[in-house]
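Here the structure is laid out as structure tokens; the discussion comes afterwards.
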Amino acid sequence: MKHLPILRAGRPYRSLTRQTLTDIRNGAPVAEVSQANGGLIARDLLGSAARQKTLAALDMATLIDACARAADLFLEAELPLDEASGTTQTRDDFLADQSATTGLPRVLCERNMEKIATALRLMPDILRGLSRGVDLDRVTRDYRREADALGAILPSNSPGVHSLWVPALAMKVPVVLKPGAQEPWTPMRIAQAMISAGFPAEAFGFYPTDHTGAGEILMRCQRALFFGDARTVDAWRGEGRIQIHGPGWSKMVLDGQAVDRRESHMDVLVDAIAANGGRSCVNASAVWVPRDGKALADDLARRLAEIQARPLDDGAAQLAAFANPKLAELLDQRIEAQLAEGGAEDMTAKYRKGPRLVTCDGCTFLLPTLIWCERADHPLAKAEYLFPFAAVCEVPESEMAARLGPTLTLSLVSERRDLIEAMLDCRHIDRINIGAIPTNRVRWDQPHEGNLFELLYKRRAVQREPV
Amino acid sequence: MKTLQEKVAEGRERLDAQVREVVNWHFDPDTGTPFWLEYAAKLDFDPRDRIRGYDDLKLLGSFQDEWLRRIPVRKWIPQGFANQPVSVFETGGSTGVPKCRININDFRVDYELFSETLNDETFPKGADWLMVGPTGPRRLRLAIEHLAQHRGGICFMVDLDPRWVNKLIKSGNHKEFMAYRQHVVDQALVRLKAHKTIKCLFTTPKLLEAICEKVDLEALGITGIFCGGTEMNAQFHRFAKEELVPNIDFVPTYGNTLMGLACHKPHVPGDGYTITYYPPLPRAVFELVDPDRPERTVDYGETGRVMLTTLTKEFFVPRFLERDEGERAEPIDRYPWDGVSGLRLFTRFQESVVVGVY
């Protein structure tokens, strides 16, 4: 069986504690993943400062060139998986393994792969976007580096998020990665591609581990990214050194005029809700309109209900399967219980002509679900689930900004200046798209999902006595 | 020289004899334990007549952990020890209200027996000890000090409240958790640096890691480490031997309030790091049983839930289903009775119990 080692400053380590990853379709073992004990991680982190120097020794242009090479290697090369056993991984192996253990259809795995490669290729644009045009050659002089290593507690739901930590290496900060339990594949392959492209192996820590090990990373890295559900990440909120990536509660907001032209916005709305299997925090989980909400919900539900569960290797697949079928059952039951409270209606129910929870090719899926809520404070109007799920509700335009609440991405389909100004003034929104842009659309020259540069560097003054 | 088979048979005879002696004591109206005397009154047989060996303990059914939570503690004191000074020790409380057990001299006997398994070169007689670990209502508080004294040493103590640690972890109070851990480690370092006579250390896996971050224990003169108090797996055992304390005698141990102290199969280089524990027969015995049918003992190498029986005149616990599971291990020459390998929290409890936090 394949084995994914721990990478201790780039050196593979086979742990005596290993977790078996299985194919969610049939339970067949796919790989063993070495698990790091917390003390091992803590011990390795003592050497972070020395390892940072291996990156610091390289100039920015060299690192950016290496990122471009890594993009191609990540996409196409046969890369090491476990050097100790000589195991390698081709592109096809990667796609097959990732799909099998996460439930993400192969076609979506490919799209996420392309997204990461794009991030590596466009590293100069990303760095300019994150730093707002700072002269990269002067970064280490004009800015103070805040960490010897960036910790990252990573998720299993969507491989595309790995594009968020990659720029740290180009910014000369090593990474200490705790992969999601089902998805160690992407961070390992990125690390191997970057090492093969010329990054020092010492800059990569890869530590599959439990919650204790994750705690060690969060406590000991001066800066960290933490992806997780609301309950998990809440304990770490309020620490400026940890950038939290919890639920996105991303929203599509349409003004009255946009509602009148709703047919022309349907593709954007479907994309925002269902792209990437609806698994991303940038997928919209709410659609707010000032009027005609139920009619819009009906139109949108009809479109969403066209998306069917398909086998993971079907080229037309749009839905991701649940790696844990019990979670799908629980979510289905929770939605039904919340509907039973009244004030909400599952608009997709009449179009899908069957249960929300279905099985296909040995996998469990939840079919897209669009809810009409009579009030914006209904529990379903504030829910976010790991499949294409959203609630439509009516909110007066004058109240939208004040009632928005935490919103990772807001797409505002409006040309009304007062509404745009109100949203720009709202402190709850991380990223604003103005116009008919799906919430999941990323521009690489803009900061998205937090600003890694501002997390890792702080502006400082350097004064020198005149000669 | 006796064969292993002969030793196993002898061990079994000693176990059956112990069962008879302990049952006779606890169910005797003159010496017996109030709880067991009341229990016997509801049976249609006298346990002293029918229980002639370990297998007959099934007649008493399974010991319920609730009894140790809600039965008044004095009902567990055998009348034969009525005028003895009694200590009460508590379990960690990780599965609910802590369980209590009374103790008079058992902990001393357990640790004296364990002392015989320690290497006199690495745990020198007369050397002083440092105990950094859970104290309070736990048996370790007195037991480690007794072990040190039994070996002619003095025991320095740094206390740790694992229930507070548990609360900090559960409430997500990471900063306070780190501060508390540092507070404990700082106290340990002061004692290690100030008292050069300390050669032996008792601590938990997590605290050992934290101490080793700050100092080189070998350079400070530590030659033997007795590690326990919480869950420990093969990976930690290897990490300790290879990286944390490579030149120090590292002894992983499993003990609990109800059983006493188990010994581990001595580590042989090249033989892997799986930790196999053997109970202190005949004072306690493990049986690895099918979780769904506890009357079935699993085969050697098969995973089972630990069923513990404690057999001393102070305390009688027949067939108690522990919170742990592991693989049934074969008898070895040094310990010719069943052991358990890969001991870990019972899988079905893993969602609800926080362990190994200290």
Side-chain angles (χ1 to χ4, degrees), chain A residues 5-6 8-9 11 13-19 32-48 151 153 207-222 224 226 228-242 244 246 324 326-327 330, chain B residues 165-182 185 203-216 227 230-246 250 267 271-275 341-342 344-345 350-351 353-358:
Chain A
I6 295 163
R8 305 180 68 181
R11 282 181 296 107
Y13 178 90
R14 188 184 182 92
S15 170
L16 295 178
T17 307
R18 293 187 290 276
Q19 195 174 66
E32 275 192 326
V33 184
S34 273
Q35 302 292 306
N37 50 302
L40 179 145
I41 298 171
R43 193 169 181 82
D44 286 357
L45 286 176
L46 295 175
S48 294
I153 310 302
Y207 297 99
T209 184
D210 57 13
H211 68 278
T212 311
E216 293 292 345
I217 292 172
L218 290 171
M219 285 188 280
R220 290 167 187 275
C221 289
Q222 297 100 330
F226 187 7
D229 60 32
R231 195 170 57 94
T232 313
V233 299
D234 274 352
W236 296 86
R237 281 191 195 280
E239 285 203 42
R241 65 184 188 87
I242 297 177
I244 300 290
N324 177 2
K326 280 192 178 147
L327 177 62
L330 282 173
Chain B
V165 175
N166 210 335
K167 260 190 179 169
L168 293 176
I169 298 271
K170 278 187 171 171
S171 65
N173 200 338
H174 309 288
K175 277 186 181 165
E176 197 158 334
F177 164 70
M178 285 184 80
Y180 185 60
R181 182 167 67 178
Q182 193 55 48
V185 169
T203 195
T204 65
K206 293 271 190 296
L207 286 171
L208 180 63
E209 288 171 352
I211 292 168
C212 289
E213 257 185 60
K214 303 288 179 190
V215 291
D216 176 347
C227 193
T230 184
E231 194 177 296
M232 203 175 333
N233 62 20
Q235 172 58 24
F236 178 80
H237 186 200
R238 169 194 178 189
F239 178 60
K241 290 253 189 203
E242 290 182 352
E243 299 187 41
L244 284 184
V245 287
F250 177 82
H267 174 67
D271 196 24
Y273 288 92
T274 299
I275 308 174
S341 288
R344 57 198 176 266
L345 185 66
Q350 279 175 4
E351 290 296 306
V353 179
V354 177
V355 295
V357 295
Y358 47 89

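Given the structure is predicted, the values throughout are model-derived calculations rather than measurements. Residue numbers begin at 1 in each chain, while the letters A, B, ... track the order of the sequences.
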Q | Point-to-point distance, once rounded to the nearest 0.5 Å, from CD of A:Glu216 to CD of B:Glu209 | A | 7.0 Å
Q: Check B:Phe239 against A:Asn37 and note the closest heavy-atom contact, atom names and distance.
A: CD2-ND2, 3.3 Å
**Q.** Closest contact, heavy atoms only, B:His174 versus A:Met219
**A.** O-SD, 4.2 Å
Q | Closest contact, heavy atoms only, A:Arg220 versus B:Arg181 | A | NH2-NH2, 3.4 Å
Q | Interchain contact, A:Arg231 with chain B, by part (heavy-atom threshold 4.5 Å) | A | neither
Q.
So, taking the atom named CD in B:Gln235 and the one named CD in A:Gln35, what distance separates them when rounded to the nearest 0.5 Å?
A. 10.0 Å
Q) Measuring heavy-atom distances to chain B, does A:Leu40 have an atom under 4.5 Å in its side chain, in its backbone, in both, or in neither? A) both
Q) Got more than 12 heavy atoms from elsewhere within 6.0 Å of NZ, B:Lys241? A) yes
